[in-house]
Amino acid sequence: MTERSDTELIRLVVDADDRAAFAQLIARHQRAVFALAYRVLGRKEEVEDIAQNVFLAVYRGLASFKGGAKFSTWLYRVTYNHACSALRRRQSHKETQLPVRDDAEGSEAEIVDQESPDPEAEVLRGQVWRAVERLPAQARAVIELYHGQGINYPEIADILGLPLGTVKTHLHRARQKLREMLTGSEVKEREHA
Amino acid sequence: MREELKRVILQAFDSGELRSREAEYRHAVKNQPELERLLNRLLGIEDVLGEPESPEVPEGFAARVIGSLPAARARRPDLRTVRSLVLFGCAVAGLVAAILLSPRSGIDAGLSSLLARIPLAEEVSVQLTFLVTSAIGILFVTWLFVTSFFGIRSRRITR
């Protein structure tokens with residue numbers, strides 16, 4: 001039996017309040033919602049609550065979802081908005097970095113799981129995500145959507161409500177900042193002859 | 001030359017083109033250990049970014065969400081039911097107004113005598129009776145119309 005599309009499942013929920021159909025929608029998209037919420041919030045403890053609120057908001061708003069955009073685009077937008085609201089409630093600044101962990105950035109003195117197949121890769125992994133946590137919330141969201149979820153620029157622009165050029169700039173700057181934090185390298189100005 | 005190559009590699013990473021030109025850069029940094037290490041580290045960072053770190057979705061999450069949904073989606077009345085309700089409301093409001101305004105009505109008399117206790121002229125108390133009952137009737141009909149109208153309207157949008 002072929003899997004139902006998001007549009008078909010939405011129709012079942014709106015027309016017949018089919019809870020099983022809504023459960024399928026949740027199961028299909030919950031990982032992505034968790035990932036984006038976690039990336040913006042930076043705390044595992046709040047993610048499940050945010051994700052639950054997101055799906056409740058989606059359930060209430062399904063009747064007014066006109067289907068012009070992809071359901072996933074709308075879902076990501078709701079997730080991002082909820083995560084940012086939670087972040088604003090937590091701290092006073094709209095764009096803020098997450099609390100920095102105590103260990104030095106780029107340090108090789110990591111507690112590494114020696115049974116891990118590739119301890120060095122684990123070290124790098126930890127360093128990268130700690131560095132990502134130091135980026136502003138919007139930059140973290142762009143990183144997650146582009147690299148984590150494989151979403152293209154136009155869709156990211158739609159999700160975040162930003163111009164396309166701004167999204168590209170955000171990603172470029174985020175990668176540049178990550179690179180500077182993780183390699184200590186800065187791009188020197190080209191010397192003019 | 002070495003600094004220029006380093007600059008090019010760093011900018012390629014920033015713009016997301018490093019992986020697609022990996023072979024070219026590997027050839028360029030051959031026999032330059034420092035640049036090789038830099039290239040490897042940047043490619044490693046690319047790999048990590050592509051494997052998102054995310055908490056596991058807890059067991060039973062979907063079931064908990066379903067369990068917290070409202071008991072039933074707000075059911076919108078169909079058009080026939082709404083029309084009937086509006087007509088019925090008008091009829092009831094009209095009947096009530098007629099009864100209250102009727103001079104033979106005990107209710108009217110009772111209401112008028114109640115209002116007459118208020119230190120107002122007799123004409124004013126009669127007018128007040130009329131106004132009050134009419135206002136109640138109009139408000140009732142308006143409320144029925146407005147709630148049923150918006151119910152029908154939002155239903156059309158979703159179709």
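Computed from heavy atoms alone, side chains included, the values below leave out hydrogens, waters and symmetry copies. Letters A, B, ... mirror the listed sequences (proteins, then strands); counts begin at 1.
For the options P58(B), G44(B), A63(B), heavy-atom pairs under 4.5 Å to chain A are most numerous at P58(B). Heavy-atom pairs under 4.5 Å with chain B were tallied for F22(A), Y146(A), F65(A); the largest tally goes to F22(A). Between chain B and the residues K168(A), K44(A), Q30(A), E144(A), the largest count of heavy-atom pairs under 4.5 Å involves Q30(A).
L69(B) places none of its side-chain heavy atoms less than 4.5 Å from the side chain of F55(A). The shortest side-chain heavy-atom distance between Q176(A) and Q11(B) does not fall under the 4.5 Å cut-off.
For R31(A), the CZ atom sits in a loose shell: 12 or fewer heavy atoms of surrounding residues, nucleotides or ligands are nearer than 6.0 Å. The 12-atom threshold is exceeded at CZ of R77(A), counting heavy atoms of other residues, nucleotides or ligands nearer than 6.0 Å. Applying the 6.0 Å contact sphere to CD of E59(B) captures no more than 12 heavy atoms from other residues, nucleotides or ligands.
For a residue to count as touching a neighbouring chain, one of its non-hydrogen atoms must lie under 4.5 Å from one of that chain's; by this rule L25(A) does not touch chain B. When heavy atoms are compared at a cutoff of 4.5 Å, R64(B) approaches chain A by way of both its backbone and its side chain. Neither the backbone nor the side chain of A174(A) comes within contact range of chain B; no heavy atom of the residue lies under 4.5 Å from a heavy atom of that chain. The contact between I45(B) and chain A is made by backbone and side chain atoms together, counting heavy-atom distances below 4.5 Å. Contacts of Q52(A) with chain B are made by both backbone and side-chain atoms, with heavy-atom separations under 4.5 Å.
The cluster map of Ile, Leu, Val, Met, Phe, Trp and Tyr, joined by side-chain heavy atoms under 4.5 Å apart, puts V58(A) and L56(A) in the same cluster. In terms of hydrophobic clustering, with Ile, Leu, Val, Met, Phe, Trp and Tyr side chains grouped at heavy-atom distances under 4.5 Å, W129(A) and V142(A) are assigned to a common cluster. Under a hydrophobic clustering in which Ile, Leu, Val, Met, Phe, Trp and Tyr are joined whenever their side-chain heavy atoms come within less than 4.5 Å, directly or via other members, L43(B) and L178(A) fall into the same cluster. Under the 4.5 Å side-chain heavy-atom criterion for ILVMFWY residues, no single connected hydrophobic cluster contains both I10(A) and L12(A).
Going from atom CD of Q127(A) over to atom CZ of R41(B) covers 5.0 Å, rounded to the nearest 0.5 Å. Summarising the geometry, atom OG1 belonging to T183(A) is positioned 11.5 Å from atom CD1 belonging to I9(B); distances are rounded to the nearest 0.5 Å. Between the NE2 atom in H172(A) and the CG atom in D14(B) there is a gap of 5.0 Å [rounded to 0.5 Å].
Across N53(A), I26(A), V54(A), a single residue satisfies side chain to side chain contact (heavy atoms under 4.5 Å, CB included) together with V65(B), and that is I26(A).
Taking a cutoff of 4.0 Å between a charged side-chain nitrogen and a carboxylate oxygen, E46(B) and R179(A) do not qualify as a salt bridge.
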With side chain to side chain contact (heavy atoms under 4.5 Å, CB included) as the criterion, how do V132(A) and L49(B) come out once you've worked through the C-alpha distance, each side chain's angles and the decisive distance to 0.1 Å?
CA-CA 9 Å; V132(A) 170; L49(B) 289 176; 4.2 Å; yes
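The two residues F34(A) and S54(B) have their closest heavy-atom pair at C-OG, 4.1 Å.
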